[in-house]
Number of protein chains: 2
Amino acid sequence: MGDISEKVESAIKLLRKEGLRITEQRKAILNVLAHADTPLSAEENHVNLTTEQCDLVTVYRCLEQFVKKGIVEMGVRENGTKVYWLGHGDGTGHHHHLTCRKCGRAERVDLCVGSELEKIAHGYGYTKITHVMEAFGLCPICR
Amino acid sequence: MGDISEKVESAIKLLRKEGLRITEQRKAILNVLAHADTPLSAEENHVNLTTEQCDLVTVYRCLEQFVKKGIVEMGVRENGTKVYWLGHGDGTGHHHHLTCRKCGRAERVDLCVGSELEKIAHGYGYTKITHVMEAFGLCPICR
DNA sequence: ATGAGTGCAAATAGTTTGCAAGCTG
DNA sequence: CAGCTTGCAAACTATTTGCACTCAT
């Protein structure tokens, strides 16, 4: 719990640092992300807001901003839905997920090709590299 | 060119092996994939069919089947659009892409976490693992 | 001839955009 | 008080589904 409010606090600090305004809606959205143990879609984030704290459109817009500023990381589900989770704003703790195709449970996967990818990409002359990598499977319970 | 019709031939052989029927539409869709040098969305595949060879819905349905049978591989764009490219049906030649965010040009990236991922996933008790991994950047021309 | 495959129309999911009003710094 | 941020309505893109018809095997 203390861990969670700490995560929210540090995310809010990042908002400030990045010149984004601190609103109730943004705090609420970050709070939901901090409580989630799996990546969340915009819609899922929205339904988890207690008592309609903001519009779904606002969730989309905020998440987009957060990603742009590196406060939140983005991935995709097998069906193309975008999902979001709290980052650290500094690249630390960058990770991916292994998500159960059936129940949605996700495990953190500390496995990343980021650095090799950068090398290859620069070799081709590409810049501003980002990557999406998500794994899917059937968890032991759903199997 | 010979290379391309060869690719189509071998994909058609796989269709047969997997018990899927060979139709003009399916041949046309595979042909488009064989000519493409970047992953294609269903819509892009459809517009590349010469003279309205089939309905867009059919493209969606065929691509889905092909992926299920391992004849075609699937990835996602940053915006969640699904994209497809010809696989080898046997896991050989599995690869990923580095796609230019601006012009859509793509480079093949022979870099894959497949095996490490399998290991980690099995450790968690997950089975039937798949993964999506795509990289994006700005190519030297668009930069 | 049987059921896989197709086309057309319509529904759905996820996301984006325009604009006027509200609130933060 | 300037302009970033939000809400509401509406548009839009990508994809899926239902159903009757067609064609490969």
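The chains referred to below are lettered A, B, ... by the order of the sequence lines, with proteins before strands, and numbering in each begins at 1.
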Rounded distance in Å - [atom1] ([X]) to [atom2] ([N]):
{"X": "B:Asn45", "N": "D:dA14", "atom1": "CG", "atom2": "P", "answer": "14 Å"}
{"X": "A:Gln53", "N": "D:dG7", "atom1": "CD", "atom2": "C1'", "answer": "15 Å"}
{"X": "A:Tyr60", "N": "D:dG7", "atom1": "OH", "atom2": "P", "answer": "15 Å"}
{"X": "B:His46", "N": "D:dA14", "atom1": "NE2", "atom2": "P", "answer": "14 Å"}
{"X": "B:Leu56", "N": "D:dT16", "atom1": "CG", "atom2": "P", "answer": "11 Å"}
{"X": "A:Glu64", "N": "C:dG14", "atom1": "CD", "atom2": "C1'", "answer": "14 Å"}
{"X": "A:Ile22", "N": "C:dT24", "atom1": "CD1", "atom2": "P", "answer": "11 Å"}
{"X": "A:Ile12", "N": "C:dG25", "atom1": "CD1", "atom2": "C1'", "answer": "16 Å"}

- prompt: Taking for each residue the nucleotide of DNA chain D with the nearest heavy atom, is it A:Thr58 or B:Asn79 whose nucleotide lies nearer the 5' end?
  reply: A:Thr58
5' priority, DNA chain D, between B:Thr23 and B:Val83 [closest heavy atom]: B:Val83
Taking the side chain of [X] as heavy atoms from C-beta outward, which of [options] is closest to it?
{"X": "B:Leu20", "options": "C:dG25, C:dT6, C:dG5", "answer": "C:dG5"}
{"X": "B:Thr81", "options": "C:dG7, D:dA14, D:dT5", "answer": "D:dA14"}
{"X": "B:Arg21", "options": "C:dC8, C:dT16, D:dA24", "answer": "D:dA24"}

task: Return no unless some side-chain N or O of B:Lys82 is found under 4.0 Å from OP1 or OP2 of C:dA13.
output: no
message: Would you say B:Gln65 places a side-chain N or O within less than 4.0 Å of OP1 or OP2 belonging to C:dA4?
response: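 For C:dA4, OP1/OP2 do not have a side-chain N/O of B:Gln65 under 4.0 Å.
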Does a donor on one side chain sit under 3.5 Å from an acceptor on the other, for [X] and [Y]?
{"X": "A:Ser41", "Y": "A:Arg77", "answer": "no"}
{"X": "A:His94", "Y": "A:Glu73", "answer": "yes"}
{"X": "A:Arg101", "Y": "B:Thr130", "answer": "yes"}

query: Base, sugar-phosphate, or nothing for B:Arg26, non-hydrogen atoms under 4.0 angstrom?
result: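 Sugar-phosphate, backbone atoms only, no base.
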query: Below 4.0 angstrom, N of the basic side chain to O of the carboxylate: do A:Glu64 and A:Arg61 qualify?
result: no
task: Identify whether the distance between the nearest side-chain nitrogen and carboxylate oxygen of A:Glu116 and A:Lys119 falls below 4.0 Å.
output: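 No, this pair does not count.
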- request: Report yes or no: is there a donor-acceptor pair, N or O only, under 3.5 Å between the side chain of A:Arg61 and the base of D:dG7?
  value: yes
